[in-house]
There are 2 protein chains.
Amino acid sequence: MSADLKTIGEAADVTGVTEDTLRFYEKIGVLLEVERNESGHRRYSDRALAWIALVVRLRSTGMTLESIQAYAELARRGSETIPQRREILIEHRDQIAAEARRLSEIVALIDRKVAGYDEILRSGIIPQVSPCEVAPPA
Amino acid sequence: MSADLKTIGEAADVTGVTEDTLRFYEKIGVLLEVERNESGHRRYSDRALAWIALVVRLRSTGMTLESIQAYAELARRGSETIPQRREILIEHRDQIAAEARRLSEIVALIDRKVAGYDEILRSGIIPQVSPCEVAPPA
DNA sequence: CTACGACATGGAGTGAACTCGAAGTCAAGC
DNA sequence: GCTTGACTTCGAGTTCACTCCATGTCGTAG
C-alpha cells in the first residue's frame, strides 16, 4: 500500500528490532534493498521491511544469521536462485516442524514429572528415585 | 538397575555431553549428587545421571542454566521444596507448549512462502512483491 | 548562530554457554 | 622406574547475536 520509504527509526518501530540491529543486519548482509537518501540516511521500502519481517521470523525459529545471509545472497542473485531458496526454506521448515514435535514430547515428559510430584504431595511418600527424572530414550 | 558409579568419561558417553560441560555444570551448581572417589575423581550415581538427563532436556528446551540452577538449589534443599519445583516445571512446560505452537504457525507461514515460489516456478511470472514475504501480524 | 534530534560510522563491550589449554596427580602396565 | 591415559584444577578463549559508545554530520526550529 504505502509506497513511501521509512527511516531507520520507523523501520525499527514497525519491525520490532532496534536501530542498532538493523544496521548490524545490513552490515553482515542479511538485508535487501535498503537504500540511502541524499544525506546518506537509510530508507526502507515496503519490500525491505517485508524482508526484515521474514528475517525476524526465521531468526525466531533458530535459523542462524549465517544461514539467513546465505539465503539473502541467493535472493540478491535474482530469480534464477528460486529453486535453491525454495529448498532452503523447505529444509528449515522440516527442522522447525521436527523441533515443534520434540518440544511437544518434552511437554509430555514434564507432565509426567509433575504427576510424580503430585503423587508425592498426595501420598506424602518420597520414592527412592525421583519419578520420571529420566526421559524415554532420546 | 546398575548401582555402580560411573566415571566422568562414562557419564559423558551416556548423557551425550562433554566432560568439560559436566565439570562446568557442576561448578555452576546445576548438578546433584556427584561424588568423588579416594583420588578425587568424580563418580556419578544413577541418580546423578538421571538428573543430568533432565538438565539436558530442560536446556534443550531453552531453559537457562540460571533457572536450572535455581531448580537444582530447591532440589538440594529437600522435599519441602516440591511445591515450588512443581510450579517451576509447570510454568516452563507452558512456555514450551506455547513455543511449539508458535513454531507450528511459522511452519504454516513458510509453507505459504514455498507455495509462492512454486507458483513462480509454475507460471514463470515474478510478482511485484515477493509472495508471503511478511507473516500475518505477530 | 546555536541547539537539537535523528541519523551516520567504527570499534569495543556484553552475556550465555560452553570449550580449550596448561600444568599437575594417580593407578596400571611394561 | 617410566610411560600412558584418565582424570584433576584454574583461568583464558570462543562463538553467537547483539548492544553500546564516541564522535561526527545534517536539517530544521528558535
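In what follows, chains are A, B, ... by sequence order, proteins preceding strands, each numbered from 1.
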Length of the line joining A:Glu10:CD and C:dG5:P, which is rounded to integer Å: 18 Å
For atom CD of A:Glu26 and atom C1' of D:dA17, their distance in whole Å: 17 Å
B:Thr7 side-chain N/O to D:dC7 phosphate OP1/OP2 under 4.0 Å: yes
Value in whole Å for how far the P atom of D:dC7 lies from CG of B:Asn37: 10 Å
Touch class at under 4.0 angstrom, heavy-atom based, for A:Arg36 against every strand present: sugar-phosphate
A:Arg43 side-chain N/O to C:dA8 phosphate OP1/OP2 under 4.0 Å: no
Check: B:Trp51 ring centroid to B:Tyr71 ring centroid under 6.0 Å: yes
Approximate separation, where rounding is to 0.5 Å, of A:Glu26 CD and A:Tyr44 OH: 5.5 Å
Salt bridge flag under 4.0 Å for residues A:Glu99 and A:Arg102: yes
First encountered from the 5' end of DNA chain D, between A:Glu38 and A:Tyr25: A:Tyr25
Rounded interatomic separation in angstrom, taking OH from A:Tyr44 and P from C:dC7: 10 Å
Given C:dA8, D:dA17, D:dT8, the nucleotide with the shortest approach to the side chain of A:Ile8: C:dA8
Touch class at under 4.0 angstrom, heavy-atom based, for B:Arg23 against every strand present: base
Separation of C:dA16 C1' from B:Glu66 CD (nearest whole Å): 10 Å
Rounded distance (Å) that lies between atom P of D:dT25 and atom CZ of A:Arg42: 17 Å
Donor-acceptor side-chain pairing of B:Arg85 and B:Thr81 below 3.5 angstrom: yes
First of B:Phe24 and A:Ser39 reached from the 5' end of DNA chain C, by closest nucleotide: A:Ser39
Comparing A:Lys27 and A:His41 on DNA chain C - which has the more 5′ nearest nucleotide: A:His41
N/O (side chain, B:Arg59) to phosphate O (OP1/OP2, C:dA17) under 4.0 Å: yes
Rounded distance in Å - CD (B:Glu19) to P (D:dG5): 15 Å
Pairing of A:Glu33 and A:Arg47 as salt bridge, 4.0 angstrom limit: yes
Rounded distance (Å) that lies between atom C1' of D:dA12 and atom CG of B:Asp20: 13 Å
